[in-house]
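Please read the structure below before turning to the comments.
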Amino acid sequence: MIHIRIGDWHKLPVSLSELCINTTLRCGQSFRWKKSSEDEWSMALHGRILSLRQDSEYLHYRAIFPKPTNSLPTPPPSNSEVDEDDTLALIKHYLNLEPNLADLYAQWASADPNFKKKAPNFTGVRILKQDAWEALIGFICSSNNNISRISQMVEKLCVHYGPLIGHIGTQAYHDFPSPSALTGPKVEQHLRQLGFGYRAGYIYQTAVAVAQKEKGWLDALRNPESPVLGIDPKPAGEMIEGGRDGYRRAHEELLALKGVGPKVADCVCLMGLGWGESVPVDTHVWQIAQRDYKFGKGKNSSLTKATYDAVANKFRSLWGKEAGWAHSVLFTADLKTFSGRLVAKVEVKDEVKILKTENEGLVKEETITETAVVSVKKKTKREFEEEEEQVLKVEETTTRKSKRRKIT
DNA sequence: GAGGCACCTGATAT
DNA sequence: AATATCAGGTGCC
């Protein structure tokens, strides 16, 4: 018999433009969130299963705690209020709810016409404050890979090497394994068997390297303005073109790990260590840079290390200290997962729901319906089934729009 | 420094 | 149906 304690649902007032979990949890920064029911996302975090729901006014959250079956000599006082406060603090920290996203979007939009054009259909994209170690391994898995398989690989790491936290229905939730859990002599071979490919060696070697460092080595590379939960922030120095000293030091240290190149190091800096100026340049971002920011010619005709730095510096000079955040909004807008489908953006005005389609570049409204249909044809069967309902809503809406057009 | 290739795997496109 | 290409790159020559 497993003893658990299921907390009540609580809510936090958050607008969809300040946070959209349906986009933020699926845009490839965290690989562990699972859909636990219709419109509910869950993940094991800090010894509990955290579940999130969202409507247009509130973020709803709940924690499920495991309860040890062997009672301790002096059971710690665990009244529910303490845990609720703890979970609220955890959520505010993990979801990085402090910054005002509308202000940030406005700032990036005023500095950059392309951002101004693309971002309105992708509001509420927030950079999560993830555990640095988990981010490190997750992004080592990401090389030459897709989000779906990365998520499957991370799940395998958790199931085989991470602690079991609990269940929702029949679905087990494991936390992410510690470095030392991945240093066993057969880990690499086992991961190969599990389908990790050449990343098996990277993960094993990086786990050994990190486990041999002094405790807290990775978190010592954090942006002091963005410390771990419970520590007071400190200033992080002056922002310069290539990023602050602490960022560049963190990046350099990470590069020494196997399977960590400039792109993975930047992902860890941005999403695990709190360095907002970190701009990961991958194939998507490189394409965006060529398409929308005049890269791809002359000296920077291919994505070399020099070009990588040039692109990152360009975005830092354009968007400033949180350039990596702005970059993630455009990255998300470019993801195939979100292309041609309804963005999880629902504006509620006087009880009238206005559903927006993306591809704002296509100005003519008569073509929007057609665009939606074409994108449906491109989808895989599973994607289609997942999103069918939403796509139908798009078609309804666009139909309505075109009807309105005919009237006017 | 820059260029070129091999590298695991599973899904999708042709 | 077999084969090429792609997916949030990195290591090594």
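In what follows, every chain begins at residue 1, and chains take the letters A, B, ... in the order their sequences are listed.
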If you compare all heavy atoms of [X] against all heavy atoms of [Y], which two are closest, and at what distance to 0.1 Å?
X	Y	result
A:Gly162	A:His174	O-ND1, 3.3 Å
A:Ala265	A:Leu255	CB-CD2, 4.1 Å
A:Gly259	A:Val264	O-CG2, 4.2 Å
A:Tyr247	A:Gly242	CE2-O, 3.4 Å

Per-nucleotide pairing state of DNA chain C [Watson-Crick or G-U, under 3.5 Å; [ ] pseudoknot-crossing; | other strand]: .||||||.|||||
Does the pair [X]/[Y] count as a salt bridge with the N-to-O cut at 4.0 Å?
X	Y	value
A:Lys118	A:Asp292	yes
A:Lys321	A:Glu238	no
A:Glu155	A:Lys34	yes
A:Asp266	A:Lys263	no
A:Glu40	A:Arg53	yes

Rounding to the closest angstrom, what is the interatomic distance between [N] and [M] at atom [atom1]?
N	M	atom1	result
B:dA2	C:dT10	C1'	16 Å
B:dC5	C:dC6	P	16 Å
B:dA13	C:dG8	P	14 Å
B:dG10	C:dG11	P	23 Å
B:dA6	C:dT5	P	14 Å

For DNA chain C, which residues in [range] have a heavy atom at a distance below 4.0 Å?
range	value
residues 294-311 of chain A	none
residues 240-257 of chain A	A:Leu257
residues 176-202 of chain A	A:Tyr198, A:Tyr202
residues 135-147 of chain A	A:Ser142, A:Ser143, A:Asn144, A:Asn145, A:Asn146, A:Ile147

Name of the residue among A:His10, A:Arg48, A:Arg62, A:His46 meeting side-chain hydrogen bond (donor to acceptor under 3.5 Å, both in side chains) with A:Thr87: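 Testing each of A:His10, A:Arg48, A:Arg62, A:His46 against A:Thr87, the sole residue satisfying side-chain hydrogen bond (donor to acceptor under 3.5 Å, both in side chains) is A:Arg48.
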Under 4.0 Å between any heavy atoms, over every strand shown, what does [X] touch: base, sugar-phosphate, or nothing? Just pick one.
X	result
A:Val281	nothing
A:Val260	sugar-phosphate
A:Pro280	base
A:Gln29	base

First and last nucleotide of DNA chain C, 5' to 3', lying under 4.0 Å from heavy atoms of chain A: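 First-to-last contact on DNA chain C, by the 4.0 Å heavy-atom rule, is C:dA7 to C:dG11.
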So how far is it from [X] [atom1] to [Y] [atom2], rounded to the nearest 0.5 Å?
X	Y	atom1	atom2	result
A:Tyr61	A:Leu50	OH	CG	9.5 Å
A:Leu95	A:Ile127	CG	CD1	12.5 Å
A:Phe115	A:Phe122	CZ	CZ	11.5 Å
A:Leu221	A:His251	CG	NE2	12.0 Å

Between A:Phe176 and A:Tyr161, ring centroids under 6.0 Å: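 Ring centroids of A:Phe176 and A:Tyr161 are no less than 6.0 Å from each other.
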Under 3.5 Å donor-acceptor, A:Thr183 side chain and A:Ser180 backbone: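 Pair found, side chain donor or acceptor close to backbone of A:Ser180.
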Atom-pair distance (CD on A:Gln152; P on B:dG10), nearest Å: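 Interatomic distance, CD of A:Gln152 to P of B:dG10: 9 Å.
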Parallel, tilted or perpendicular: rings of A:His190 and A:His160 (30°, 60°):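 The rings of A:His160 and A:His190 stand perpendicular, inter-plane angle above 60°.
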Parallel, tilted or perpendicular: ring planes of A:Tyr198 versus A:Tyr202, cut at 30 and 60 degrees: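 A:Tyr198 and A:Tyr202: perpendicular rings.
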Of A:Gly259 and A:His327, the one whose closest DNA chain C nucleotide lies more 5':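 Looking at the nearest nucleotide for each, A:His327 comes out on the 5' side.
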Matching residue for A:Arg126 among A:Glu18, A:Glu322, A:Glu98 - test: salt bridge (Lys or Arg N to Asp or Glu O under 4.0 Å):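 Considering A:Glu18, A:Glu322, A:Glu98, a salt bridge (Lys or Arg N to Asp or Glu O under 4.0 Å) with A:Arg126 is found only for A:Glu18.
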